[in-house]
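Each remark here refers to the structure printed beneath this line.
So that the names make sense, note that chain A is the first sequence line, chain B the second, and so on, each numbered from 1. Scope of the values below: all heavy atoms of this structure, side chains included, with no hydrogens, waters or symmetry mates.
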Amino acid sequence: MVARAGSSRASTRRSRTSPPPVVFDRPTLDKARWCRRRLLAWYEQHGRQFPWRSQDAGVFQQVVAEVLLQRTQASTVGRFFGAFFEQFRSWDDIDSAPDEFLESILRPIGLWRRRAIALKALAAEMVARRGDFPDSRGELEILPAIGQYVASAVLLFAQGRPEPLLDSNMARVLDRVFEPRRLVDIRYDPRLQGLARLLVRSREPARINRAILDLAARHCGRSPTCEECPLRTRCNFALHNRSGPSSRVPQINEAALGRRRPQGVKD
DNA sequence: CTCCTGGATA
DNA sequence: TATCCGGGAG
């Protein structure tokens with residue numbers, strides 16, 4: 001039961017995220033379909049369980065979890081999940097909590113100061129909104145703590161729309177299976193976003209999203225285990241990779257993609 | 001050491 | 001468009 005609040009007229013005029021003007025050729029469309037099937041089959045057996053993926057998790061927990069997951073490993077948030085939501089069970093709980101208390105709870109997983117500010121601002125907004133999110137991406141991305149990624153998560157989980165959870169992991173999978181991205185920053189690469197949106201265009205977009213994220217975490221990291229990957233037979237990286245018996249992977253010019261920060265050490 | 005389901009800021 | 005936030009796991 002999707003309540004479409006007739007926003008057809010003032011449709012997302014020009015949000016920070018461009019609409020999908022990207023057109024793909026037939027081979028790419030076929031490959032995407034093939035990937036979807038393989039991913040779902042793989043996810044059926046190897047998908048990971050997390051609290052925020054549970055049926056028990058409401059939109060509140062799902063969205064807050066997305067904020068907790070930013071630049072943070074899922075396993076870390078997995079261990080942290082119970083302790084956090086035992087203290088904060090609603091937007092109102094966060095809104096009414098003292099800043100320093102929220103910070104102290106967030107401290108173990110890092111980014112605690114920024115996250116406290118962001119969650120506070122978002123909670124206040126959500127209390128004022130009586131708990132319901134706007135239904136357009138443009139309106140969502142205005143809200144505090146909500147950027148392109150979390151906006152997609154809200155549209156995906158709260159409205160069941162086929163939006164991609166395009167993070168650095170999904171980007172890496174798409175780079176390898178399809179074409180390398182143009183831009184270093186995935187947030188401003190229309191081609192990459194269009195590709196991600198194409199992949200999750202299915203009956204169960206949430207499952208596809210999770211399948212890709214889990215695949216990236218399990219087999220498609222910096223040192224990928226292509227032998228066990230369900231996409232290996234049509235993945236550029238895996239195909240180039242199988243040329244030799246050595247398990248050591250030399251280099252695919254991937255060094256230019258990941259940002260190399262000098263990270264000056266000061267003594 | 002790098003990386004982790006990014007977003008706000010200048 | 002580049003930088004910062006942050007503790008923890010690998």
*With a 4.5 Å limit on heavy-atom distance, are the side chains of A:Arg33 and A:Asp30 in contact?*
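Answer yes - side chains close enough.
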_Sub-4.5 Å side-chain heavy-atom contact between A:Phe178 and A:Arg191_ =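 Side-chain contact under 4.5 Å: no.
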*Using heavy atoms to find the nearest nucleotide of DNA chain B for A:Leu69 and A:Pro144 separately, return the residue whose nucleotide is more 5′.*
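The residue whose closest nucleotide sits nearer the 5' end is A:Leu69.
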*asked:* Applying a 4.0 Å non-hydrogen cut-off, can you work out what A:Ala145 is touching in the nucleic acid: base, sugar-phosphate, or nothing?
replied: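 Answer is sugar-phosphate: A:Ala145 comes under 4.0 Å of backbone atoms only.
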*Just call it for A:Leu166: base, sugar-phosphate, or nothing, with non-hydrogen atoms closer than 4.0 Å on any strand.*
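No contact.
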Could you tell me how far apart [X] ([atom1]) and [N] ([atom2]) are, to the nearest whole angstrom?
{"X": "A:Met170", "N": "B:dC4", "atom1": "CE", "atom2": "C1'", "result": "15 Å"}
{"X": "A:Arg172", "N": "B:dC4", "atom1": "CZ", "atom2": "C1'", "result": "10 Å"}
{"X": "A:Asp185", "N": "B:dA8", "atom1": "CG", "atom2": "P", "result": "14 Å"}
{"X": "A:Glu66", "N": "B:dG6", "atom1": "CD", "atom2": "C1'", "result": "11 Å"}
{"X": "A:Ile146", "N": "B:dA8", "atom1": "CD1", "atom2": "P", "result": "9 Å"}
{"X": "A:Asp189", "N": "C:dT1", "atom1": "CG", "atom2": "P", "result": "11 Å"}
{"X": "A:Leu140", "N": "B:dA8", "atom1": "CG", "atom2": "P", "result": "12 Å"}
{"X": "A:Ile186", "N": "B:dG6", "atom1": "CD1", "atom2": "P", "result": "7 Å"}

*Could you check which residues of residues 107-126 of chain A get a heavy atom under 4.0 Å from DNA chain C? Sort them by number, please.*
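Those residues are A:Arg107, A:Pro108, A:Ile109, A:Gly110, A:Leu111, A:Trp112, A:Arg113, A:Arg114, A:Arg115.
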Around atom [atom1] of [X], are there more than 12 heavy atoms of other residues, nucleotides or ligands at under 6.0 Å?
{"X": "A:Arg210", "atom1": "CZ", "result": "yes"}
{"X": "A:Arg48", "atom1": "CZ", "result": "no"}
{"X": "A:Glu179", "atom1": "CD", "result": "no"}

*Side-chain donor-acceptor pair present, A:Thr225, A:Arg218, cut-off under 3.5 Å*: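 No.
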*Quick check: does any side chain N or O of A:Arg115 sit under 3.5 Å from a backbone N or O of A:Gln70, one acting as donor and the other as acceptor?*
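Side chain of A:Arg115 to backbone of A:Gln70, a donor-acceptor pair under 3.5 Å: yes, one is there.
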*For C:dT1 versus B:dC4, give the span between their C1' atoms, rounded off to a whole number of Å.*
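Comparing C1' positions in C:dT1 and B:dC4 gives a spacing of 22 Å.
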*Considering only the P atoms, how many Å lie between C:dG6 and B:dT9, rounded to the nearest integer?*
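14 Å, rounded to whole Å.
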*Contacts of A:Trp52 that satisfy side chain to side chain contact (heavy atoms under 4.5 Å, CB included) - sequence neighbours left out*: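 In terms of side chain to side chain contact (heavy atoms under 4.5 Å, CB included), with neighbours along the sequence ignored, A:Trp52 is linked to A:Phe50, A:Ala65, A:Leu69, A:Ala74, A:Val77, A:Phe81.
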*Closer than 4.0 Å, any side-chain N/O of A:Arg71 to the OP1 or OP2 of B:dC3?*
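Negative; the distance criterion is not met.
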_A:Thr72 side-chain N/O to C:dG8 phosphate OP1/OP2 under 4.0 Å_ =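 Looking at the OP1 and OP2 atoms of C:dG8, neither is under 4.0 Å from any side-chain N or O of A:Thr72.
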*Near DNA chain B, which residues from residues 73-89 of chain A have a heavy atom under 4.0 Å away?*
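Listed by number, they are A:Gln73, A:Ala74.
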*Step through it carefully: locate the ring centre of A:Phe85, locate the ring centre of A:Phe60, and say whether they are under 6.0 Å apart.*
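They qualify: ring centres under 6.0 Å apart.
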*Of A:Pro180, A:Cys220, A:Pro224, which meets side chain to side chain contact (heavy atoms under 4.5 Å, CB included) against A:Phe237?*
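Only match with A:Phe237 under side chain to side chain contact (heavy atoms under 4.5 Å, CB included): A:Pro224.
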